[in-house]
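So the structure is just underneath, and the comments pick up after that.
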Amino acid sequence: MPKRILIIDDEETIQTVVQFGIKMSAGWEVFTASSGSEGIQTAQTAKPDVILLDVMMPEMDGIATFKELQSRAETEKIPVILLTAKAQTAEKRQFNDLGVSGVITKPFNSLDLPEQITRILHW
Amino acid sequence: MKILLVEDDDLLIKVLTRNLATHHYIVDTVKDGEMGWTYGSTFEYDLIVLDIMLPKLDGISLCKRFRTQGYTQPILLLTAQDTITAKVQGLDAGADDYVVKPFDPVELIARIRALLRRGSANPFPLLTWGDLLLNPSTCEVTYNGCPLNLTTMEYDLLEVLLRDCQHVFSTEELLDRLWSSEEFPSEATVRSHIRRVRHKLVAAGAPHDFIATMHGRGYYLKAPSTEESTARITTTPENQMRGAGVAKSTAALKDSPQPPPDSQQQYLAFLNDTWKTTQPKSLDQMTVLLQTVRDLQTNQLTPPQQAQAQQVAHKLAGTLGVFGLTKTMHIARQLEYWLGGREPLQPKHAPLMKTLVAALQQDIEQTKLIQMSQLPAGQSPLLLIVSADAEFNQSIVGVAASRGIRLEIAPVLDATQALKITESAFDTLGQNPDVVLLRFSHTLSPSAVTDQSAFEVSNFWETLQTFKHRYPELPIIIMGDRGDLSDRLQVMRRGGQLFLTGQTPPEQVIDAVVNLLRTPEVPNKVMILDDDQEWLRTLPTLLKPWGFKVTTLADPQQFWNLLQAVTPDALVLDVNMPQINGFELCQILRSDPHWQRLPVLFLSVLTDSSSQNQAFTVGADDYLCKPVMGVELANRILRRLQRVKAWAS
């Protein structure tokens with residue numbers, strides 16, 4: 001069964017490239033959402049195996065989106081990996097304390113994402 | 001024949017893909033209009049099947065978009081509305097045909113066949129060339145009445161050649177036409193399919209060059225020798241079929257597993273394509289930043305404007321990062337940093353902001369091409385194989401992939417040609433090979449040396465010499481069926497590093513490659529200290545192909561103990577770490593006589609020159625900025641280790 005990934009990022013180019021890269025390197029199915037609220041909806045309907053969540057988004061940011069996902073029965077079990085441009089360790093520790101499954105630092109090569117995800121989630 | 005199916009109904013997708021597959025169509029499926037556009041405009045399809053009700057972009061609009069962009073392939077609409085208006089709307093949008101849901105798949109496939117015929121240079125239901133006859137509706141193929149037992153791929157290959165029988169197909173074109181975008185066979189696979197079809201044709205009585213090769217160009221169907229049969233077009237299929245004694249081709253036969261993807265190049269092509277639309281968009285966003293600078297100069301910048309500008313800078317940084325434009329991305333990051341400060345910016349910041357914005361704009365404007373070398377993250381070592389032995393090449397592919405070694409195959413033995421192929425490959429990859437393997441597969445006994453074989457032998461030595469000349473630093477492995485003393489002597493004299501016999505199994509060949517990459521005399525224990533756990537987990541994989549023994553550590557407090565236990569040959573240090581920073585650790589090392597000479601490489605996100613200066617002041621040997629490619633880090637470590645070895649001797 002190919003994995004199903006949901007990427008929530010307000011930047012359309014990133015969505016497109018990640019979708020293409022993941023499909024190309026691993027053949028996984030990729031869903032996209034451009035905002036936290038859209039992402040929560042998609043997560044509820046599509047039930048992805050993992051959510052890649054951009055931290056910095058206008059309106060509802062990644063942290064708020066993550067908390068919202070955690071508060072809902074349908075989505076609380078879906079692992080979430082944060083995408084962040086900030087490499088600071090302090091911040092990463094903060095993210096881990098939140099209970100996310102992992103953090104991937106931007107920029108990344110989309111072709112390597114499946115490998116990184118697999119490693120983070122011990123698939 | 002390749003079809004793009006744009007449809008969001010899972011059940012229908014299942015039914016259609018199954019039906020289309022049994023009729024030998026290769027199907028890519030996407031579930032929304034936007035992806036339909038991306039795939040349709042990126043990959044080559046013979047036909048697009050388009051649902052009207054689609055998420056993101058409806059089928060009618062998508063169809064219009066394709067047509068306004070000059071897309072000429074047939075488009076077939078699937079519509080749930082059986083009204084005249086809906087049909088007219090669809091056809092006016094540029095569709096060639098429509099089918100009303102619910103429909104019988106048999107009808108849909110017949111319509112697809114009809115549409116494909118219309119687009120083909122051969123508009124008749126049966127495809128023939130000389131004595132070859134292919135019936136697309138029954139998938140039967142005969143040569144001069146003799147049935148051909150073809151695999152799916154072989155059938156598809158013949159059909160493509162027959163549909164456009166005046167055309168010379170390059171290997172690349174055949175790859176595009178015959179494999180779905182999810183498979184990535186190598187060009188060698190195409191050649192081996194061609195070879196098998198040729199064999200079967202010959203067995204059925206066709207001339208050897210029925211499918212002819214035009215060197216450097218591709219494959220084509222050679223004009224049949226009898227004038228009568230030249231491009232004979234069958235108008236009475238029934239009669240033909242009866243006389244032909246056809247047999248069903250074994251469509252069910254699965255093709256051998258395809259080699260892993262050449263995904264880097266395809267990904268790169270996609271990035272370049274995406275950049276074409278992203279670049280103008282990014283330049284658009286720059287206007288916000290330019291305005292910010294102007295407002296700042298006149299002290300009119302409001303906090304909301306500043307916040308908006310920060311958003312823009314952040315988005316730009318993200319976008320540029322995806323394309324691997326690291327330097328440009330850093331400028332955007334710097335802007336984001338300044339704009340995101342707690343205090344509102346002052347007019348005194350205007351010159352700095354102006355410089356950064358101008359630099360950013362210029363960089364974006366000047367980026368015309370995304371290159372492989374720019375892509376972030378792990379690059380594995382590259383093995384170049386020059387070998388005309390398709391079977392051997394194929395056998396190496398999987399093993400190399402599993403060991404983290406990338407392959408480039410030049411399936412020729414002629415020196416000039418091989419060099420040309422490899423160099424054009426390196427232009428795309430932006431990387432030189434790390435090891436070259438030349439395979440000489442010609443078997444000959446000394447008693448039967450013909451002119452031809454003597455020519456091949458001398459040609460082979462010439463290839464070796466040319467490569468040694470072109471890449472003097474590169475280890476070259478020679479593989480040959482003959483392994484006598486004179487051959488081995490030749491190999492050695494002409495600069496080959498290692499000789500393997502022709503029967504060496506693929507695993508051992510790759511072992512040999514890894515060993516050569518490692519240069520065994522060089523010490524190889526590397527200790528890496530970084531509090532970024534993710535990065536630490538990635539590193540051993542990145543460095544593994546070079547044969548380093550990597551020890552990682554996240555907690556600086558454990559540093560001294562582990563250092564004593566591991567006694568590394570080289571140390572990689574992060575700068576910013578909790579409690580003790582990398583500079584301090586380096587100073588500690590340099591204050592101990594035993595560790596004064598241990599090579600220390602800093603690897604940090606800090607790109608400013610003062611951090612770098614500080615690193616060298618405290619005794620660093622090298623300084624690298626993150627993100628770093630595996631190959632670069634490995635090379636820098638190797639260089640340090642080699643220098644240590646040079647000192648020692």
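Numbers restart at 1 for each chain; the letters A, B, ... are given by sequence-line order, proteins then strands.
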Spatial distance of atom CD1 (I14(A)) from atom OG1 (T274(B)) [nearest 0.5 Å]: 12.0 Å

State the CZ-OG1 distance between F323(B) and T13(A), to the nearest 0.5 angstrom. 5.5 Å

Sort T319(B) into side chain, backbone, both or neither according to what part of it lies under 4.5 angstrom from a heavy atom of chain A. both

For the CD atom on E76(A), are there more than 12 heavy atoms of other groups (residues, nucleotides or ligands in this structure) within a distance under 6.0 Å?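 Yes.
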
Flag if over 12 foreign heavy atoms under 6.0 Å of NZ, K281(B):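 Atom NZ in K281(B) is crowded, with more than 12 foreign heavy atoms closer than 6.0 Å.
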
Residue among G102(A), P58(A), G21(A) with most heavy-atom pairs under 4.5 Å to chain B: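 Ranked by heavy-atom pairs under 4.5 Å with chain B, first place is P58(A).
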
For the pair E336(B) and M56(A), evaluate side-chain contact (heavy atoms from CB on, under 4.5 Å) and give the outcome as yes or no after the intermediate values. CA-CA 12 Å; E336(B) 185 193 347; M56(A) 196 165 153; 3.9 Å; yes

Contact class of D9(A) relative to chain B, heavy atoms under 4.5 angstrom: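 Nothing of D9(A), per the 4.5 Å heavy-atom cut-off to chain B.
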
The criterion is ring-ring contact (aromatic ring centres under 6.0 Å, His included); which residues satisfy it with F602(B), sequence neighbours excluded? F583(B)

Residue by residue, scan residues 28-47 of chain A and write down, ordered by number, those that have a heavy-atom distance under 4.5 Å to chain B; if none do, write 'none'. E29(A), T32(A)

Identify the two heavy atoms, one from V17(A) and one from F270(B), that lie closest to each other, and give their separation to 0.1 Å. CA-CE2, 3.9 Å

Beyond-backbone contact of H314(B) with M57(A), side-chain heavy atoms, under 4.5 angstrom: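 Answer no - side chains too far apart.
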
Are any non-hydrogen side-chain atoms of K315(B) and E12(A) less than 4.5 angstrom apart?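 Sidechains of E12(A) and K315(B): no contact.
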
Aromatic plane relationship, F20(A) with Y39(B) - under 30° parallel, 30 to 60° tilted, over 60° perpendicular: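 If you compare the ring of Y39(B) with that of F20(A), the planes turn out tilted.
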
